[in-house]
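To start, the structure under review is shown below, and the notes come after it.
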Amino acid sequence: MSYLQEVAGRRARGAGAGDCRVSFPIRSRVGAGVVLISYRQAVHFMAGVDDDSRADDIRWAFRLRELTQLKRPLEMSRLQAALRKDQRRPLEHQGKLTDKASRAVLEVLLAEDPELDPVIGSLFGIRDIDLPAPRKTALAEERDSIASLCAFTGAPDLLPADGFLTEDEIGSISDRDSFLPAGPGITPREDPMVEHDANAFLGWTRQESDRLAVRKFTDGNGRTLQIMNVNRWPIETRLGTDLIYYHQQRRSFVLVQYKRMVPDGSSWRCRVDDHFRQQLDVMRTLDKKCGQGEPGGDYRMVPTPSFVKICQLDTLDVDSTSMISGMCMPREQVEKHLERPDAPKYLDFHTVRDYLTSTLFAQLVALGCVGTSGSATTLVAREIELSLQRGKSVSVGVFSDESGRRPSWRTSGRRSSPPSRAAARAQDSQQVPLW
């Protein structure tokens with residue numbers, strides 16, 4: 001422990017890269033590129049692995065890089081609670097976590113210490129595009145909105161295998177005002193480009209100043225997601241992003257207002273100022289209008305559409321199709337925090353504990369547990385126009401599931417092409433209608 005603390009301490013002070021060579025009593029190769037190091041039932045360190053080899057009959061030697069000590073030890077029980085029973089064995093007996101279990105563990109780590117985000121990005125080889133801070137933040141926000149819209153469908157086969165952008169599009173991103181390039185663009189999976197005559201897209205009327213990019217994703221099995229990015233303001237003066245998700249068959253939509261964390265000393269925080277409170281007022285008005293609309297027959301845990309996602313957006317990972325970790329809360333929940341006698345002047349992972357993670361929130365949307373019931377598409381069109389008038393960019397996703405299957409994080413296994421490993425595991429699962 002003392003040696004690892006010394007190496008990690010030098011790296012924290014900028015006096016070293018955090019590289020070292022150590023051995024552990026493990027009888028077989030772990031075979032992971034990133035490891036957690038625990039001591040007395042708590043995780044103390046995270047590091048990348050450049051090489052591992054047998055040291056003797058009971059030990060393996062590891063050449064570690066970027067060894068980083070957690071701000072405070074994370075009890076192993078916290079990680080175990082985030083996993084199913086069959087996923088916990090590597091934590092109990094040493095070994096390699098599955099990809100799904102790894103994502104769950106990383107969410108817990110980031111919730112406990114959000115400042116680990118750049119470390120994790122570096123260890124996993126994230127390609128961060130070097131841009132001026134305002135431009136990077138705005139593009140990162142839009143990239144996350146696209147990833148979130150895909151996750152909201154609960155249909156993993158909609159995600160493009162090679163990322164949202166081609167290499168040519170990545171190369172030109174520094175000259176664009178939006179993450180997706182405007183104009184025809186290149187459609188993933190060779191699907192025909194969605195017709196983006198704006199009059200046919202939710203009735204929204206396009207103006208000459210609007211910059212528009214539309215793409216279509218499909219799993220080839222009755223599920224289609226059309227994503228539209230639109231803005232009419234220069235990226236440097238843009239006041240954030242609104243995300244709107246609309247499910248055609250349910251006639252239901254969810255709206256997410258992004259709020260950015262900014263550096264505040266050694267922490268990242270979201271300041272609660274007059275502008276923030278004004279945005280909550282606008283969301284409250286929308287929620288009220290939705291409550292006055294045509295009632296639907298589906299149950300919702302949260303029947304109003306307005307949510308807030310508070311996250312750190314200092315990295316633009318152009319290759320990723322995953323969501324950024326953040327605090328997701330209904331508008332009412334945020335207001336409850338601000339109505340407390342000791343109302344906080346900022347929101348961060350330490351002052352707010354009862355939030356939804358990005359993954360859990362996406363699962364609730366996919367299953368139809370949140371969102372409006374029976375709302376008309378005119379509300380979505382109106383919200384696009386209002387957002388643009390307020391100086392924002394808007395990411396709109398319209399999901400259609402003609403198959404009527406329950407949204408799932410697994411594929412159905414009915415594809416005509418050779419199934420993936422995930423599809424093969426799910427071939428016997430029963431899909432039932434949700435509405």
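- Here the side chains of Ser373 and Pro303 are not in contact, with every heavy-atom distance at 4.5 Å or above.
- At a threshold of 4.0 Å, the pair Asp401-Arg223 counts as salt-bridged, since one of the basic side-chain nitrogens sits closer than that to a carboxylate oxygen.
- Partners of Arg269 under the side-chain hydrogen bond (donor to acceptor under 3.5 Å, both in side chains) rule, at least two apart in sequence or in another chain, are Asp264, Tyr346, Asp348.
- The local environment of CG in Asp354 is crowded, with over 12 non-hydrogen atoms from other residues, nucleotides or ligands closer than 6.0 Å.
- Taking the ring pair (Phe, Tyr, Trp, His ring centres under 6.0 Å) definition, one finds that Phe349 meets it with Tyr355, sequence neighbours left out.
- One finds the OG atom of Ser306 at 4.5 Å from the CE atom of Met283 (value rounded to the nearest 0.5 Å).
- Looking only at side-chain heavy atoms (C-beta outward), Thr241 and Phe179 stay at 4.5 Å or farther from each other.
- Note on residues 314-325: pairs passing salt bridge (Lys or Arg N to Asp or Glu O under 4.0 Å), not counting sequence neighbours, are Arg127-Asp319.
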Go through the steps for Arg78 and Glu112 under the test salt bridge (Lys or Arg N to Asp or Glu O under 4.0 Å), then give the verdict. CA-CA 10 Å; Arg78 287 276 309 281; Glu112 184 68 21; 3.1 Å; yes
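- Annotation: side chain of Arg143 is in contact with side chain of Ser320 (closest heavy-atom distance under 4.5 Å).
- Between Glu385 and Arg232 there is a salt bridge, since a side-chain N of the basic residue sits under 4.0 Å from a carboxylate O of the acidic one.
- Atom OG1 of residue Thr315 and atom CG of residue Asp128 lie 4.5 Å apart, to the nearest 0.5 angstrom.
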Show your working on side chain to side chain donor-acceptor pair (under 3.5 Å) between Ser400 and Thr224 and close with a plain yes or no. CA-CA 5 Å; Ser400 174; Thr224 303; 5.7 Å; no
Before giving the answer on salt bridge (Lys or Arg N to Asp or Glu O under 4.0 Å), spell out for Asp287 and Arg284 the whole-Å C-alpha distance, their side-chain angles and the decisive distance to 0.1 Å. CA-CA 5 Å; Asp287 288 346; Arg284 191 185 313 110; over 6 Å; no
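- At a threshold of 4.5 Å between non-hydrogen side-chain atoms, the residues Leu280 and Arg331 count as touching.
- Here ring-ring contact (aromatic ring centres under 6.0 Å, His included) pairs that include residues 359-390, with residues two or more places apart or in two chains, are Phe152-Phe361, Phe307-Phe361.
- Salt bridge status for Glu142 with Arg176: absent, with no side-chain N to carboxylate O gap under 4.0 Å.
- Judged by distance alone, the side chain of Thr372 and the main-chain N or O of Thr304 form no donor-acceptor pair under 3.5 Å.
- The shortest heavy-atom contact between His337 and Pro344 is O-CD, 3.4 Å.
- A 4.5 Å side-chain heavy-atom check between Leu243 and Ser148 finds at least one atom pair inside the cut-off.
- Here the side chains of Asp117 and Trp268 are not in contact, with every heavy-atom distance at 4.5 Å or above.
- For Tyr258, the side-chain hydrogen bond (donor to acceptor under 3.5 Å, both in side chains) partners two or more places apart in sequence, or in a different chain, are Asp144.
- Ile37 has its side chain out of reach of His44: every pair of non-hydrogen atoms, C-beta onward, lies at least 4.5 Å apart.
- More than 12 heavy atoms of other residues, nucleotides or ligands shown are found within 6.0 angstrom of CZ on Arg211.
- Listed by chain and residue number, His275, Phe276 satisfy the side-chain contact (heavy atoms from CB on, under 4.5 Å) test with Asp273 (two or more places apart in sequence, or in another chain).
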Between Arg135 and Glu236, does the side chain to side chain contact (heavy atoms under 4.5 Å, CB included) criterion hold? Intermediate values first, please. CA-CA 6 Å; Arg135 180 174 290 271; Glu236 290 80 5; 2.9 Å; yes
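- Using a 4.5 Å heavy-atom threshold, the side chains of Val34 and Val49 count as separate.
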